[in-house]
Student: 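Dropping a structure here in structure tokens format, bear with me for questions.
Whatever order the structure lists ligands and atoms in, that order sets their numbers, starting from 1. In this text the structure is predicted, and so the values were computed from the model without any measurement.
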Amino acid sequence: MEHAPKAIDVTNDVEMRTFNFFTMGIDGHPLGLHLDMAIPTILNNADEEQQKDWLPKAANREFIATYAQTEMGHGTNLKKLETTATYDPKTQEFVLNSPTITSTKWWPGNLGKSSNYAVVMAQLYTQGKCHGAHPFFVQLRDLNTHKPLKGITVGDIGPKFGMNTVDNGFLQFDHVRTPRRSMFMKHAKVLPDGRYVPPVHDKLNYSAMVFIRAAIVSGMAYHLLVTSTIAVRYSAIRRQGEITPGAGEVKVLDYQTQQHRIFPQLARGLAFRLSGQYIMKLYTQTMDDIRNGDISAVPDLHALSCGLKAVTTHHAALGLEQCRMACGGHGYSQASGFPLHYSVAVGACTYEGENMVMLLQTARHLMKIAKAIRAGQSPKSNKIVDYLFHKGPPKCLIDQAYDTNYRNVLESFEHLARRQTLEVYDKLVQLQQQGRNYEQAWNDCAVELCKATRAHVRTFLARTFVEEIDKISDLSIKSVLQDLLQLYLYYEVTECATGLLEDGFMTGQQHKYAKKKIYEALEKIRPNAVSIVDSFDFQDRELHSVLGRRDGNVYENLLKWAQSSPLNKTDVLPFHHKYLGKMMEEARQRSKI
Ligand SMILES: CCCCCCCCCCCCCCCCCCCCCCCC(=O)SCCNC(=O)CCNC(=O)[C@H](O)C(C)(C)COP(=O)(O)OP(=O)(O)OC[C@H]1O[C@@H](n2cnc3c(N)ncnc32)[C@H](O)[C@@H]1OP(=O)(O)O
Ligand SMILES: Cc1cc2nc3c(=O)[nH]c(=O)nc-3n(C[C@H](O)[C@H](O)[C@H](O)COP(=O)(O)OP(=O)(O)OC[C@H]3O[C@@H](n4cnc5c(N)ncnc54)[C@H](O)[C@@H]3O)c2cc1C
């Protein structure tokens, strides 16, 4: 195939623009989905002619588009989306329709009031046959009046757990006609006479989701590093209690429990950023390969992006909560910034593929590998999964005198992932031999399948962290980052200790050794903690936090922040005399009787 024109390389640009998504308007802005999903969809699913027409206008913001896939009744199971796009060869148009209440598009960001276009995922019907969900580029509102077009009902879905500056919306189509060429035609096509031309891979239309899943990994790094910055800075000024009686109150950051709560989030933030860069490169490379007709990396990209998305969002949600709790009462104030950061970050556990479903997608990939291993096949030189084919050491070696580049720790993670993967595969086979069908057996193994994915993703995150730190040449930076790497690795050992101890691979003594290495790392990180978070150079405006101010003037600014509350505009609020004052007066009168 002739070398396809290289699309505008917007990945870095888009990654940084999505970064702005987090920094400019932390809980989102009207162009969020336009930048993060509509443009990637045009880039990867529009044919050349469509790109020539849509991409410059999209990049120039001549319209705002969202990505309208999820419906009130279905978000995960795309096969059951109900919105239909039925081809009419007489007029060479598709007729978009929302046949049921549950087919109402529901959740798309910026759909409610901002967008005037949408990428709409609909079940494609032509010549009486359904060909599954396909993307269509549909105008929703008049470009001048911004009023919904004929047959379109659209609005905001109302207040949410967070991200309330994003107008997530609902959308219904009442037999809305759209030109044939509004169907994205890079992969699948419908010819003027209605004939359907299938894509080379039936999931290429899902590439925008893959992009966001890949981007979310760095997004979670961002959230963890932001909230660790707030927690470290506040803990470095907050004095509470004494360690040595009479020696004066200490900075709470000097408590080992405080370090054990915050520093692992810092370490995970770095680990996620490094893997986030890896997966984004893999995404970009895979999209380029697809443009050149090579779809071989699509399954690997899907499996890794699903697993990383599920694991990093879950750990980020837990980590942000740890940072909040580490800041006591002021951590519970909106002034801390934690409610805002947390409510935005945890949405990612759900959107772009609910985490359980994503873990199971990666598990599908792992089961294929397990089958190949059990069939005696050799690895296919794929660095992400080859370790599963290898036989590692029979026993854990993490407490050996020298562990060059943490090889022994990595082999422990590999051992657990290998054992978990093969054991659940064997159980799947056994259940089917006992008469269960594949789907039932799969469901009966689902929890263990998710554990296999988590163990596999942990191995990937750890190996990437080790490899990237090893590349650093500046020894002063390297030594600080190695302290965080040490903390990360041994913290992860303790996090998966059950699995390592379960088969006797690791001993209780080695578990104690891992804990010792954690406490050692905490001590080494403590003196550099503030400099580490300062080095991220987050602006106060993006931290949205009085506690995390770079100047450390928390208390004065906390009072100023409180005094600026509308409630404090007057000393006595109208409601007092109307309700409380009246109530107390009446009570006093009654007590005189
Ligand atoms: C120092 C300081 C630095 C700080 C860091 C700096 C950071 C800088 C960058 C920051 C960037 C941050 C940006 C973050 C982004 C934020 C944007 C947020 C905006 C909100 C967006 C939310 C939008 C949405 O939610 S869109 C809707 C999302 N919906 C979903 O995800 C639906 C989930 N369901 C599915 O995907 C499918 O239904 C699935 C996969 C569950 C099942 O697929 P299917 O229905 O086809 O059935 P199966 O039979 O299971 O699959 C068949 C087969 O296909 C394979 N497959 C499935 N999907 C894919 C795919 N996408 N690609 C490839 N292959 C796929 C699957 O593996 C099966 O294959 P088998 O071989 O049969 O196993
Ligand atoms: C903040 C936010 C922004 C969003 N933005 C967009 C957007 O811009 N565009 C868009 O199209 N959508 C968007 N969504 C929708 C989002 O993609 C869906 O909510 C998500 O895909 C989950 O689908 P669902 O809500 O229907 O949950 P369901 O799929 O109904 O899942 C509900 C529960 O059932 C479990 N479950 C479902 N299926 C399985 C299974 N096969 N195996 C095991 N467990 C299962 C899930 O794990 C989950 O716990 C957004 C959602 C949020 C929260």
Side-chain angles (χ1 to χ4, degrees), residues 12 14-23 27-28 32-33 35-38 66-81 105-111 115 118-121 132-133 157 160-163 166 168-169 171 201-226 229 269-270 272-273 276-277 280 286 295 297-303 305-306 309-310 343-365 367-368 442-443 446 450 532-533 535-538:
N12 281 333
V14 175
E15 189 187 16
M16 288 329 288
R17 289 214 312 276
T18 30
F19 178 58
N20 290 331
F21 174 81
F22 275 99
T23 52
D27 48 357
L33 270 295
L35 296 173
D36 303 343
M37 295 201 80
T66 181
Y67 183 86
Q69 172 178 290
T70 301
E71 296 171 356
M72 192 189 275
H74 289 91
T76 293
N77 192 1
L78 301 185
K79 285 181 177 139
K80 290 295 181 191
L81 289 178
K105 290 298 179 187
W106 197 274
W107 273 112
N110 313 131
L111 171 63
S115 300
V119 174
V120 176
M121 274 293 189
I157 62 171
K160 307 176 288 285
F161 181 86
M163 295 176 99
V166 178
N168 298 79
L171 165 66
H201 185 297
D202 71 349
K203 294 297 179 291
L204 297 183
N205 281 333
Y206 288 2
S207 64
M209 290 186 275
V210 181
F211 169 71
I212 292 291
R213 290 169 191 154
I216 282 171
V217 180
S218 286
M220 293 306 111
Y222 173 79
H223 282 298
L224 277 171
L225 296 175
V226 159
T229 298
L270 284 177
F272 295 175
R273 177 58 177 155
Q277 288 171 320
M280 191 50 82
T286 307
I295 61 170
V298 168
D300 280 337
L301 174 65
H302 174 57
S305 58
C306 286
K309 183 267 181 193
S343 62
V344 171
V346 292
C349 292
T350 305
Y351 64 62
E352 221 56 77
E354 205 286 328
N355 280 355
M356 287 305 115
V357 176
M358 295 293 101
L359 291 171
L360 291 166
Q361 281 296 305
T362 306
R364 283 178 78 124
H365 193 62
M367 289 306 103
K368 288 195 189 80
W442 178 269
N443 191 48
C450 289
I532 291 168
V533 298
S535 73
F536 300 148
D537 199 22
F538 290 126

Student: Using a 4.0 Å cutoff against the non-hydrogen atoms of Y67, which atoms of ligand 1 qualify?
Tutor: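 The atoms of ligand 1 under 4.0 Å from a heavy atom of Y67 are 26 (S).
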
Student: Which protein residues have a heavy atom closer than 4.0 Å to any atom of ligand 2, listed by chain and number?
Tutor: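 Contacting ligand 2 under 4.0 Å are L33, Y67, Q69, T70, H74, G75, T76, W107, P108, G109, M163, N168, T350, Y351, E352, E354, M356, V357, L360.
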
Student: Hey, looking at atom 17 (C) of ligand 1, which of L225, V210, D36, N205 has the closest heavy atom?
Tutor: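 Shortest heavy-atom distance from atom 17 (C) of ligand 1: D36.
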
Student: Could you measure the distance from the CD atom of E71 to the CG atom of L171? Nearest 0.5 Å is fine.
Tutor: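 Taking CD in E71 and CG in L171, the distance rounds to 9.5 Å.
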
Student: Could you name the option among M220, Q69, E352, H201 that has the heavy atom nearest to atom 21 (C) of ligand 1?
Tutor: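 Selected option, by shortest heavy-atom distance: E352.
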
Student: What are the two closest non-hydrogen atoms of A68 and P108, and how far apart are they?
Tutor: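 That would be CA-CG, 3.5 Å.
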
Student: Indicate, with yes or no, if the rings of Y222 and F536 have centres closer together than 6.0 Å.
Tutor: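 Here the rings of F536 and Y222 have centres that are no less than 6.0 Å from each other.
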
Student: Hey, what do you get for CE (M358) to CE (M209), rounding to the nearest 0.5 Å?
Tutor: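 Reported to 0.5 Å precision, the distance equals 8.0 Å.
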
Student: D202 to ligand 1: N or O pair under 3.5 Å?
Tutor: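 No, since none of the N or O atoms of D202 sits under 3.5 Å from an N or O of ligand 1.
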
Student: Taking all non-hydrogen atoms of both residues into account, name the closest pair between Y67 and A208 and its distance.
Tutor: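 Nearest heavy atoms, Y67 then A208: CE1-CB, 4.0 Å.
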
Student: In Å and rounded to the nearest 0.5 Å, what is the CE to CG distance from M220 to L225?
Tutor: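 Here the interatomic distance stands at 11.5 Å.
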
Student: I need the atoms of ligand 1 closer than 4.0 Å to a non-hydrogen atom of T70, numbered in the order shown.
Tutor: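 With T70 as reference, the close atoms of ligand 1 come out as 27 (C).
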
Student: Can you name the atoms of ligand 1, numbered from 1 with element, that are less than 4.0 Å from a heavy atom of M209?
Tutor: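 So the answer, numbered in order with elements, is 28 (C), 29 (N), 30 (C), 31 (O), 32 (C).
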
Student: If I take atom CE from residue M121 and atom CD from residue Q69, how far apart are they, to the nearest 0.5 angstrom?
Tutor: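 Between M121 CE and Q69 CD, I get 5.0 Å after rounding to 0.5 Å.
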
Student: Please list, in number order, the atoms of ligand 1 under 4.0 Å from a heavy atom of R213.
Tutor: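 With R213 as reference, the close atoms of ligand 1 come out as 30 (C), 31 (O), 33 (C), 36 (O).
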
Student: Taking all heavy atoms of N355 and all of A348, pick out the closest pair and write down the distance.
Tutor: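 Distance-wise, the nearest heavy atoms are OD1-O, 4.1 Å.
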
Student: Decide whether the shortest distance between a heavy atom of M37 and an atom of ligand 1 is less than 4.0 Å.
Tutor: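 Heavy atoms of M37 do come under 4.0 Å of ligand 1.
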
Student: If you draw a 6.0 Å radius around NZ in K80, do more than 12 non-hydrogen atoms from other residues or ligands fall strictly inside?
Tutor: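 Open: at most 12 neighbouring heavy atoms sit under 6.0 Å from NZ of K80.
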
Student: Among H302, H74, K79, K368, which one puts a heavy atom closest to atom 73 (O) of ligand 1?
Tutor: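 It is K368 that holds the nearest heavy atom.
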
Student: Name the option, out of R273, K203, K309, H365, that contains the heavy atom nearest to atom 51 (O) of ligand 1.
Tutor: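 Among R273, K203, K309, H365, the closest heavy atom to atom 51 (O) of ligand 1 comes from K203.
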
Student: Any atom of ligand 1 sitting under 4.0 Å from a heavy atom of G75?
Tutor: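 Checking ligand 1 against G75, which is what was asked, there is a heavy-atom contact under 4.0 Å.
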
Student: Can you check which of M358, Q361, K80 brings a heavy atom nearest to atom 40 (C) of ligand 1?
Tutor: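 Nearest option to atom 40 (C) of ligand 1, by heavy atoms: Q361.
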
Student: Could you give the distance from CD (Q361) to CZ (R213), rounded to the nearest 0.5 Å?
Tutor: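 Interatomic distance, Q361 CD to R213 CZ, rounded to 0.5 Å: 7.5 Å.
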
Student: What atoms of ligand 1 come within less than 4.0 Å of a heavy atom belonging to F536?
Tutor: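 So the answer, numbered in order with elements, is 1 (C).
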
Student: Taking atom OG1 of T66 and atom CG of L111, what is their separation to the nearest 0.5 Å?
Tutor: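 That separation rounds to 5.5 Å.
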
Student: Side-chain contact test, heavy atoms from C-beta onward, threshold under 4.5 Å: evaluate it for L78 versus L81 and give yes or no.
Tutor: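 They are in contact (side-chain heavy atoms under 4.5 Å apart), so the answer is yes.
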
Student: Which of these, T70, I216, N168, sits in a side-chain contact (heavy atoms from CB on, under 4.5 Å) with Y351?
Tutor: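 Testing each of T70, I216, N168 against Y351, the sole residue satisfying side-chain contact (heavy atoms from CB on, under 4.5 Å) is I216.
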
Student: Kindly confirm or rule out an N or O of Y222 lying under 3.5 angstrom from an N or O of ligand 1.
Tutor: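 No: no nitrogen or oxygen of Y222 is under 3.5 Å from one in ligand 1.
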
Student: I need the minimum non-hydrogen distance between E354 and T76, along with the two atoms involved.
Tutor: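 It is CB-OG1, 4.3 Å.
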
Student: Can you name the atoms of ligand 1, numbered from 1 with element, that are less than 4.0 Å from a heavy atom of V298?
Tutor: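 Ligand 1 atoms under the 4.0 Å threshold to V298: 63 (C).
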
Student: Can you tell which of N110, V344, T286, V357 gets a heavy atom nearest to atom 41 (C) of ligand 1?
Tutor: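 Of the listed residues, V357 has the closest heavy atom.
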
